[in-house]
Structure formats: C-alpha cells, structure tokens
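Before any comments, here is the structure.
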Amino acid sequence: MLDLAARVALRGAGRVEPNPMVGAVVVRDGRVIGLGHHRVYGALHAEREAIASCLAQGNDPRGATVYCTLEPCCHTGKQPPCTEALIERGIARVVYARPDPHEVSGGGRAVLRAAGIEAELSGASESAARLSDPFVMRVQRGRPWIIVKWAQTIDGRIATRTGESQWISSARSRARVHRLRGRVDAVLTGSGTVLADDPMLTARGVRVRRIAKRVVVDSSLKTPLDSKLVRTAREFPTLIVCAADLAAPSGENERRAALEGAGVEILGAPAEGGRLRLLPVFEALAQRHDVTNVLVEAGPALIGSLFEDDLVDEAVVYVAPMVLGDDEALASVRGRSAPTLSMGKRMGLWRVKPIGDDVELTYRRSADPSCSARGQNVSEG
C-alpha cells in the first residue's frame with residue numbers, strides 16, 4: 001500500500017514544490033476505498049484528497065487505515081492540518097513511510113496518538129520513504145536536491161577527442177531529459193558548455209510543469225552576450241554565478257552591466273583553490289529562489305567538482321549502444337584524484353529503464369537514516 005501511495009504521489013512532480021510530493025491510500029478490510037495525492041502547491045494535501053476520494057465514491061473512511069508517504073502534518077499553512085481531517089473522519093490507523101523533518105509541520109504522530117489513532121512509521125517501502133528526499137534535503141541541509149545527468153557510450157565517453165557529442169543518446173532519451181527539465185526548479189551548467197554548445201537549457205517538445213531557472217557557473221563572466229541564454233534571459237529566468245568581486249555592486253564592470261541589462265541576474269560566489277565554492281551557490285538558490293531541485297547538465301570537470309564536494313544526490317546516466325575505445329575521447333567525469341577504489345564515490349542503483357537501445361540508469365546517494373524505520377519500534381501503536 002505504501003508503494004501504491006508513492007506511485008500516486010509522483011503525479012504531483014513538478015507541481016507541488018517547494019512542498020514534498022505526498023501520496024495517501026485509504027484501506028478497509030484489505031480493499032482500497034480512496035486514493036489521493038498533493039496535486040499542486042497550495043492545494044489540498046494528500047490525506048484530505050484521499051478522504052475526499054472516499055466520500056465521492058460513497059465510502060465512509062471511518063475505522064479505515066490510511067497509508068501515506070510522509071507523516072501527516074499538524075499545522076495550519078495554506079491548508080489546515082491533515083491530522084485534523086484524519087481525526088474528524090474517524091480514521092483508526094495511520095501508517096507512514098517517513099517522519100516529517102520540518103519543525104513547523106512535524107509531530108503529527110503525537111497528535112494522532114493523543115486522539116486515539118494508531119500511528120506507526122513503517123520501513124516497508126523504500127520508494128515511499130525516499131520520495132521526499134528533495135524536501136528533506138532542503139529542510140535539513142538548506143540546499144536543493146542535486147541531479148547530474150549525462151549521456152555516454154558503453155565505455156564511459158561523452159564525446160570524441162574532437163568534442164563531437166551530438167548525438168550519443170537517442171531522440172527518445174533526449175525527450176526524457178526535456179521532460180525532466182520541465183519538472184525541476186533549475187537547470188545548471190558551466191561556462192565551458194555554454195561556449196562549446198550554446199545551449200538553451202529549456203524543456204521543449206514535452207508538457208512543461210514549471211519553468212526552470214537557468215544557471216551558469218561562470219567565474220569570470222565570459223558568457224557571450226549573443227549566446228542563446230543571454231538573448232532569451234527576459235523570456236526564461238537566467239542567472240550567472242561568478243566570482244564575488246565581479247558581482248560586487250561597487251565599481252565599474254561593463255560586462256556585468258551588459259549582462260544585467262539583458263535581463264540576467266548575477267550572483268557572486270566565494271572562491272577557494274582557484275575555483276568557485278559550489279555549496280554556497282546551491283544554498284543561495286534554495287534561500288533566495290525557492291529552489292528544491294536542480295538538474296546539472298555540464299561538462300566532466302564541473303560534474304567532477306560536484307562529486308568531489310559530495311554534492312551529487314542523484315545521477316541519471318544514459319548509456320548508448322556504442323563503443324569508442326579511444327583513450328583521448330572525453331570521459332564522463334574528471335578532475336578528481338582517486339588512486340584507490342576506496343576513494344571512489346559510491347552510489348546506489350535506484351532504477352533501470354530501457355529506452356529503445358539506450359539504457360537509463362538512475363543512481364542515488366545512500367539513504368539518510370531518517371528515510372527508514374530501522375532501529376525504531378515500528379510495531380508500537
């Protein structure tokens with residue numbers, strides 16, 4: 001039932017952020033009598049949607065069990081508390097996959113138990129527990145969930161020695177990437193990619209659920225004024241991250257002024273060891289721009305820096321049925337020093353999806369302890 005709640009919750013991807021995706025299933029005598037999910041930011045939460053689903057079908061939820069992906073909230077925000085609805089409708093038991101980490105909305109279990117409702121945390125569904133990873137990352141660490149994406153040959157090359165990369169993956173795989181762009185809050189790349197490919201970084205040919213902010217890591221402000229990103233900055237929000245001294249309002253900087261005049265927002269970042277520190281950049285995106293998730297489409301050096309700084313939460317890799325076998329072809333990630341296997345960055349395989357002859361591999365960082373009920377008493381009512 002928690003797996004089902006997770007599948008239902010995914011319908012809200014790209015519409016509910018910065019809230020978490022949440023799904024709920026109402027069950028009596030082993031039969032599903034109601035389904036609900038958080039549809040859009042500001043609308044009913046999943047538990048109230050599921051109860052409304054019950055009533056619309058002529059089912060009374062009194063005495064039923066509600067399975068939900070996240071602990072029901074107990075505060076009034078844009079919607080009243082979910083715990084209130086569960087109590088009013090006489091729900092007998094609530095099983096949830098992950099505690100709510102927020103100091104404002106968390107604590108629903110205690111409220112439910114005080115009202116005589118059994119409430120338990122279950123580790124039965126990893127899908128349901130990890131569904132709210134981006135929300136938890138932002139609440140607990142103050143930064144967005146960071147997804148890196150690349151397409152590669154079987155032997156791990158993203159371009160030939162001359163830089164040719166269009167196209168390694170298939171049109172179907174590229175459509176999947178556009179779909180992902182249309183669901184995240186920001187798409188980030190480096191100045192090298194801008195200079196080499198002149199990308200738009202917009203979602204095209206798919207149903208767009210949200211317009212992602214386009215972010216370029218460009219320490220010296222060398223992004224061309226006639227690049228597609230700059231020319232369309234008034235149509236699609238665009239931000240360039242540069243060294244803090246170039247972004248400072250004091251002093252004359254014609255380059256910065258020209259970019260800002262074109263509609264680009266400039267964000268300064270601290271530098272260390274000759275490169276920009278990326279963590280403050282992501283923290284600023286979360287705090288100033290309400291960004292919950294970021295898709296990184298960049299070259300191997302920037303992706304390598306993200307891995308080195310432990311800032312990769314998810315990797316989506318498209319493997320095409322091609323081998324280059326060329327030592328000078330461009331590797332997917334570079335810039336790290338790892339003389340031993342123990343120094344490698346390990347991730348867990350989350351999903352494998354064939355896309356025609358390509359394969360889409362999704363990896364995630366190891367689960368946070370708050371994702372599961374391991375080590376907790378999950379049977380106590």
Q. Hey, are the side chains of Leu4 and Val8 touching, using non-hydrogen atoms and a 4.5 Å cut-off?
A. yes

Q: Decide yes or no for Glu314 and Thr362: does some side-chain heavy atom of the first lie under 4.5 Å from some side-chain heavy atom of the second?
A: yes

Q.
Would you say Ser125 and Ser127 are linked by a side-chain donor-acceptor pair, where the criterion is simply a distance under 3.5 Å?
A. no

Q) So, Arg113 side chain and Ala119 main chain: donor-acceptor pair closer than 3.5 Å or not? A) yes

Q.
With a 4.5 Å cut-off on side-chain heavy atoms, are Glu17 and Arg210 touching?
A. yes

Q) Checking salt bridge (Lys or Arg N to Asp or Glu O under 4.0 Å) for the pair Glu120/Arg109: CA distance, chi angles, key distance, verdict? A) CA-CA 8 Å; Glu120 76 180 57; Arg109 178 170 71 168; over 6 Å; no

Q: Please answer whether the main-chain N or O of Ala97 pairs with a side-chain N or O of Thr69 as donor and acceptor at a distance below 3.5 Å.
A: no

Q: Walk me through it: do Arg172 and Ser170 pass the test side-chain hydrogen bond (donor to acceptor under 3.5 Å, both in side chains)?
A: CA-CA 5 Å; Arg172 288 179 60 188; Ser170 67; over 6 Å; no

Q | Arg214 (side chain) donor-acceptor with Met200 (main chain) under 3.5 angstrom | A | yes

Q) Counting N and O atoms only, with roles assigned by atom type, does the side chain of Arg138 sit under 3.5 Å from a partner on the main chain of Ala286, one being a donor and the other an acceptor? A) yes

(Q) Main chain of Met343, side chain of Arg336: is a donor-acceptor contact present, judged purely on distance under 3.5 Å? (A) yes

Q) Under a 4.5 Å side-chain heavy-atom rule over Ile, Leu, Val, Met, Phe, Trp and Tyr, are Trp150 and Ile147 clustered together? A) no

Q: For the pair Lys345 and Asp309, evaluate salt bridge (Lys or Arg N to Asp or Glu O under 4.0 Å) and give the outcome as yes or no after the intermediate values.
A: CA-CA 10 Å; Lys345 298 287 185 178; Asp309 294 342; over 6 Å; no

(Q) In this structure, would Val194 and Leu225 fall into the same cluster of hydrophobic residues linked by side-chain contacts under 4.5 Å? (A) yes

Q) Between the main-chain N or O of Gly36 and the side-chain N or O of Arg48, is there a donor-acceptor pair closer than 3.5 Å? A) no

(Q) Testing the basics here: between Pro20 and Leu70, what is the closest heavy-atom pair and its distance to 0.1 Å? (A) CG-CD2, 3.7 Å

**Q.** Taking every non-hydrogen atom, the tightest pair across His37 and Ala9
**A.** CB-CA, 4.0 Å

Q) Counting N and O atoms only, with roles assigned by atom type, does the side chain of Arg98 sit under 3.5 Å from a partner on the main chain of Ala129, one being a donor and the other an acceptor? A) yes

(Q) I'd like to know if Leu2 and Val22 are part of one continuous hydrophobic network [Ile/Leu/Val/Met/Phe/Trp/Tyr, side-chain heavy atoms within less than 4.5 Å]. (A) no

Q: Look only at the side chain of Arg209 and the backbone of Ala13, and say whether a donor-acceptor pair between them is shorter than 3.5 Å.
A: yes

